[in-house]
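Encoded as structure tokens, the structure appears first; notes follow it.
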Protein chains: 2
Amino acid sequence: MGEHLEDEEVGSTAAGDLKLTVLSQATGYALRRAQMWSFRDLKARFKPHDISPAQYAVLDVVAENPGLAQARVAEALSIERARLVLMLDRLEERQLLVRVRSTSDRRTHELHLTDKGRELLAQLYKLWEEHERKIEELIGRDGQAALLKLLAPMQ
Amino acid sequence: MGEHLEDEEVGSTAAGDLKLTVLSQATGYALRRAQMWSFRDLKARFKPHDISPAQYAVLDVVAENPGLAQARVAEALSIERARLVLMLDRLEERQLLVRVRSTSDRRTHELHLTDKGRELLAQLYKLWEEHERKIEELIGRDGQAALLKLLAPMQ
DNA sequence: TATTGTTATACTCTATAACTATA
DNA sequence: TATAGTTATAGAGTATAACAATA
């Protein structure tokens, strides 16, 4: 990898013939645009199921860690626990998961997917794989692996 | 770069001893977390100036393209033009930029930074550079260049 | 005292739709 | 007709604070 970027067309972007010297070199801004692209793509794939990427993340964590308390889920996903309450209300209304009051610590709710939730998640998982394959098309399999490694220190 | 990830500790993360097999391999999710980290860092640096990363982007585009119409700015930054109106109200109130009705096309406003706006932007630019250097510390200069290249197809 | 789930509030952002003035 | 700027609204998401039940 070159140390400099002189070989790149820096200072102008696809957005017309605007000058964007600073922003086009901003890592954070590139991350934001890439993330927005990714979420828009995933959101479109999930749309028939009326599920957001954030809801998918919640369903997935609960599926992989049955009985988890709300505060743990919020922590793991960096969602405010106040926000998670509303998300879980939605998911519980749709009978995708249930809150079960814990007998060992009566402050907490153990979260479990319902059969319906597991069934939906299996379908969402396929769509997520399609999304990942789409990224692979764009930057290659090695690129995708490299990207995950590069992003790791920023998690 | 290896084709597989067997050498990586996949399936568990720093978040306690939770299983996160799927999410930890999701490129989109990694992008989201990295972007959130980046914006939180930049936001903290900008805090003394009460400027958000989004506002910084607007100031920067206008600075680099004086006289630009609102719709062009919205387009370039993928901000809804309805949203941009409110952002510009804020920035104009603070006398960081001005809207000037164009004489050639009286529908449009030409945007220009004020001296105060340019002065502030110069300070923000230094903070943005510190932010970029922070990323460089985390993933190295080559890593940063590689990251920008990897993200390019997703812009 | 501390934590869990909850309710509430303010602000930002996304996504639309509709209106007016201009072209 | 189409475009630019504006206003309005609904729904996410972020960031806090406070409260009751429980530890």
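What's counted below: heavy atoms across the whole structure, side chains too, no hydrogens, waters or symmetry copies. Convention: sequence-line order gives letters A, B, ...; per-chain numbering from 1. Since the structure is predicted, the reported quantities are computational estimates derived from the model, not experimental observations.
- Remark: P of D/dA12 and CG of A/L91 are 11 Å apart, rounded to the nearest angstrom.
- Atom C1' of nucleotide C/dT6 and atom CZ of A/R101 are separated by 11 Å, given to the nearest angstrom.
- Backbone-only engagement by A/M36 is indicated by non-hydrogen atom pairs under 4.0 Å involving sugar-phosphate atoms exclusively.
- Along DNA chain D, the nucleotide nearest B/R83 and the nucleotide nearest B/R107 are compared for position; the residue whose nucleotide lies closer to the 5' end is B/R107.
- In this structure, A/R90 reaches the sugar-phosphate backbone alone: every heavy-atom distance under 4.0 Å involves primed, P, OP1 or OP2 atoms, never a base.
- OP1 and OP2 of C/dT12 both lie 4.0 Å or more from every side-chain N or O belonging to B/Q55.
- Counting only heavy atoms from C-beta outward, the side chains of B/L68 and B/V62 never approach each other to under 4.5 Å.
- Where A/E80 and A/D105 meet DNA chain D, the nucleotide closest to each residue was compared, and A/E80 sits on the side nearer the 5' end.
- Which of D/dA15, D/dG13, D/dA4 sits closest to the side chain of B/K43 comes down to D/dA15.
- Mapping A/L68 and B/R81 onto DNA chain C via the closest heavy atom, the residue that lands nearer the 5' end is A/L68.
- No contact: B/R40 has no heavy atom under 4.0 Å from any strand.
- Atoms NE2 (B/H109) and C1' (C/dT22) sit 11 Å apart, rounded to a whole Å.
- Going from atom CZ of A/F39 over to atom P of C/dA15 covers 13 Å, rounded to whole Å.
- The residue A/A82 sits close to a base: some heavy atom pair falls under 4.0 Å.
- A/S38 places no side-chain N or O within 3.5 Å of a backbone atom of A/A34 that could act as its donor or acceptor partner.
- Around atom NZ of A/K116, more than 12 heavy atoms belonging to other residues, nucleotides or ligands sit under 6.0 Å away.
- Between B/L77 and A/L23 there is a side-chain heavy-atom pair separated by less than 4.5 Å.
- Following rounding to the nearest Å, A/D50 (CG) and D/dA10 (P) show an atom-to-atom distance of 18 Å.
- Proximity of B/V100 to B/H112: side-chain heavy atoms (C-beta onward) are separated by under 4.5 Å at one or more points.
- Looking at A/R106, its side chain has no donor and acceptor atom pair within 3.5 Å of the base of D/dT22.
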